[in-house]
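Keep in mind that the numbers below use all heavy atoms, side chains included, and drop hydrogens, waters and symmetry copies. Bear in mind the structure is a predicted one, so any value in this text is a computation, not a measurement. Below, chains carry the letters A, B, ... as their sequence lines are ordered, and counting in each starts from 1.
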Amino acid sequence: MSDLKMIPMRDGYGNALLKLCASNERVMVLDADVAKSTRTDWIKEKYPDRFIDMGISEQDMVGTASGMALGGMIPFCSTYGVFLAGRAWDQIRTTVCYNKLNVKLAGAHAGLSVGKDGATHQALEDVAIMRTLPNMTVIVPCDAVETEKATLAAAAMEGPCFIRFGREAVPVITDEKTPFRIGRARLVTGYDPEDMKHDSDCVVFANGPLVHEAVLAAASLAAEDIHITVYDLHTVKPLDCTTVIAAAEKAGRVVTAEEHQKAGGMGSAVAECLAEHCPVPMRIIGVDDTFGESGTPDELYDRYGLRAVNIEAAVKNLL
Amino acid sequence: MDTIQLAEQCRTMRTDIVTMLNRAGSGHPGGSLSSVELIACLYFGGVLKYDPHDPEWAERDRFILSKGHAAPVIYSALARAGYYSTDELSHLRRLDAMLQGHPHAARIPGFECSAGSLGQGLSVSNGLALAFRARGMSSRVYCLMGDGELQEGQVWEAVMTASQHGLDNVCAMVDFNHVQLDDTVENIKSLGDLARKFADFGWHAIEIDGHDIAAVMSAYKAAAACKGRPSVIIADTIKGKGVSFMEGDPAWHGTAPNDEQLAQALADIRSGYGFKEVQ
């Protein structure tokens, strides 16, 4: 899709922090020695009083942010998603979530996007271990623009919030006018379940860079007279169960697609919801119970089956 | 309160601790009894700025309990300070109780931050201190840690953060009672020369007898007077202090006294067991 601009999602995070620091004196930005990677070095440069590099101390970073939140600030903790969610999980659970503190957690280089660094640095379990925590909000935006909106929305809400985004430049498929609300699935393409004139063969819930893959799959399937509805399910928690159930009821078939382990991620969240309220045939696309490896992100998306063709195959498998 | 009144308050708090744990049937007496003087002086010696009639008073100092299992000592202090009725102590660890086994801040007026998983309180204290600095507030932060707790790596991350940022509004207290759940700290993972460790990390370290009220009071004064770096009060204490059969015994880290043991404990506390002078 050569007509789409390619921008790293982390740029959206950096842009949002610049706006927040300009408009809200309570915002503080913390990093764990990866400020250049997460774009918090933009804050370090422009608003040095609002930035603290905590060093290679993720647990201390989350604890310090908790104290800042108790002291009335809105701290953003930034580092690789794998270290933020994994290494500081107990701090996030017991201090941030149990106290319902206004701490914002930004997991950068999520999924396979860190590519060549290999499995140790690829966050493929973060959504699962964050969404099990009471009081936590979990957001997986689809591009740089949506990452910026998600970061601004996280600052505006009260309470713990985890946002994960990738390293690589990915297609920008939303713009300033595209609606974004935490907890509300966004219809990307296909038939609105409230519009009874049309029908849909399958509904696809995707998030992160997989939203773009789902859009490509929709175009490709349409050429074969197979019509799918695609939702950007950016908020994994709280899940928009109303929309998930309505769309599943209408289409009767569901595919989910995410850059995460199949176990415990967005697909699991959708399955939990539908198993109780609207059980329909379903396929979950994600990394299937394996660690990643070194390679370019493109090679890795092919290797682990996170492409439009995989979504197309899953849809056809359900027909 | 003066020294004599504080000593009496310590007896009251020790009585509260063993009594509430007996009623609850479980809990941690040892590390509460060892930190009684530290907490009594903080709350009743005029050290901590607080207002029980306005728990959210913005200008208050903050006490952060890092060793969450020492909940009974702070539950007693907050009740005696007037945040809630002492009746609440009788419901400790019961379903729907304000006073959970480990403290849940949202339920307890005057309690700042839930704790129970060790090693986290000093980071939280640093964050508060940084927020106070950013907002131009003069409030101070006091953080109680255990000696066994210092085996958690996060504590040392936070030790470095406090000195890196020169947080002289942070005062850490180490209840150095020499005993953890399984055995003595010395036998499990010794802390060596703790004052030197803190000093090497850039802290102002004050070593005292943690059961000597006058020494505790002057340590708090010295900590508040120290500028440009954080202070730590390393309080040499006895686990289970004041109860004859609990003192120094790891078995009383996390065991509640039965009725017979409670009677003995109350008699020990009344008679001033373990203290040179009985006021």
Side-chain angles (χ1 to χ4, degrees), chain A residues 21 24-33 43 47-77 79 83 87-105 133-135 158-160, chain B residues 56 58-66 68 100 102-108 111-143 145 152-165 167 169-170:
Chain A
C21 284
N24 190 336
E25 62 184 14
R26 292 163 65 209
V27 169
M28 295 289 288
V29 178
L30 292 80
D31 206 297
D33 200 37
I43 304 303
Y47 300 97
D49 294 347
R50 315 293 282 283
F51 175 81
I52 298 181
D53 201 322
M54 295 298 300
I56 309 161
S57 313
E58 294 79 12
Q59 301 175 352
D60 186 40
M61 171 169 71
V62 170
T64 304
S66 301
M68 287 179 172
L70 283 170
M73 312 300 276
I74 306 173
F76 280 77
C77 291
T79 184
F83 305 129
R87 190 144 194 157
W89 189 82
D90 181 39
Q91 287 73 16
I92 294 170
R93 174 189 180 269
T94 308
T95 299
V96 175
C97 287
Y98 191 36
N99 287 301
K100 216 173 176 179
L101 297 179
N102 202 18
V103 172
K104 314 303 172 185
L105 304 160
L133 295 172
N135 298 332
E158 185 72 26
Chain B
E56 300 298 316
E59 302 293 317
R60 71 191 185 281
D61 291 336
R62 310 295 173 100
F63 170 69
I64 298 296
L65 181 68
S66 193
Q100 299 281 293
H102 290 80
H104 185 198
R107 294 190 183 205
I108 312 169
F111 195 89
E112 306 288 353
C113 185
S114 306
S117 175
L118 294 173
Q120 304 190 24
L122 188 57
S123 298
V124 174
S125 302
N126 292 340
L128 272 162
L130 286 161
F132 292 150
R133 179 186 281 179
R135 303 178 71 179
M137 293 164 65
S138 62
S139 298
R140 290 177 59 72
V141 190
Y142 294 86
C143 177
M145 297 186 284
E152 291 279 9
Q154 186 188 346
V155 172
W156 299 98
E157 298 177 3
V159 162
M160 285 190 271
T161 296
S163 60
Q164 180 72 28
H165 295 279
L167 298 179
N169 47 354
V170 168

(request) Name the option with the most non-hydrogen atom pairs under 4.5 Å to chain B; the candidates are A:Thr94, A:Leu30, A:Asn99, A:Ile56. (result) A:Asn99
(message) Between A:Glu25, A:Arg50, A:Gln59, who has the most heavy-atom pairs with chain B when the cutoff is under 4.5 Å?
(response) A:Gln59
Is [Y] close to [X] at the side-chain level, that is, under 4.5 Å between some pair of heavy atoms?
{"X": "A:Met28", "Y": "B:Leu130", "answer": "no"}
{"X": "A:Met54", "Y": "B:Glu157", "answer": "no"}
{"X": "B:Cys113", "Y": "A:Thr95", "answer": "yes"}

(request) Check whether the side chains of A:Thr64 and B:Asn126 place a donor and an acceptor atom closer than 3.5 Å, and report yes or no. (result) no
(request) Flag the one option from B:Ala131, B:Ser114, B:Ala105 with the top tally of heavy-atom pairs under 4.5 Å to chain A. (result)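 Ranked by contacts with chain A, first place is B:Ser114.
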(request) Under 4.5 Å, counting heavy-atom pairs only, tell me which of B:Gly119, B:Gly127, B:Gly116 racks up the most with chain A. (result) B:Gly127
Proximal component of [X], with respect to chain A [non-hydrogen, under 4.5 Å]:
{"X": "B:Ser125", "answer": "neither"}
{"X": "B:Glu112", "answer": "backbone"}
{"X": "B:Ala106", "answer": "neither"}
{"X": "B:Ala134", "answer": "side chain"}
{"X": "B:His165", "answer": "side chain"}

(request) Return the minimal non-hydrogen interatomic distance between B:Gln120 and A:Asp90, and the atom names on each side. (result)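 In terms of heavy atoms, the two residues are closest at NE2-OD2, 3.1 Å.
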(request) Rounded to the nearest 0.5 Å, what's the gap from OG1 on B:Thr161 to CD1 on A:Ile52? Could you check? (result) 8.5 Å
(message) Within the supplied structure, the quantity of interest is the number of heavy atoms (other residues, nucleotides, ligands) at a distance under 6.0 Å from B:Arg60 CZ; does it exceed 12?
(response) yes
(message) For the backbone of A:Gly71 and the side chain of B:Arg135, can you confirm whether one donor and one acceptor N or O come within less than 3.5 Å of each other?
(response) yes
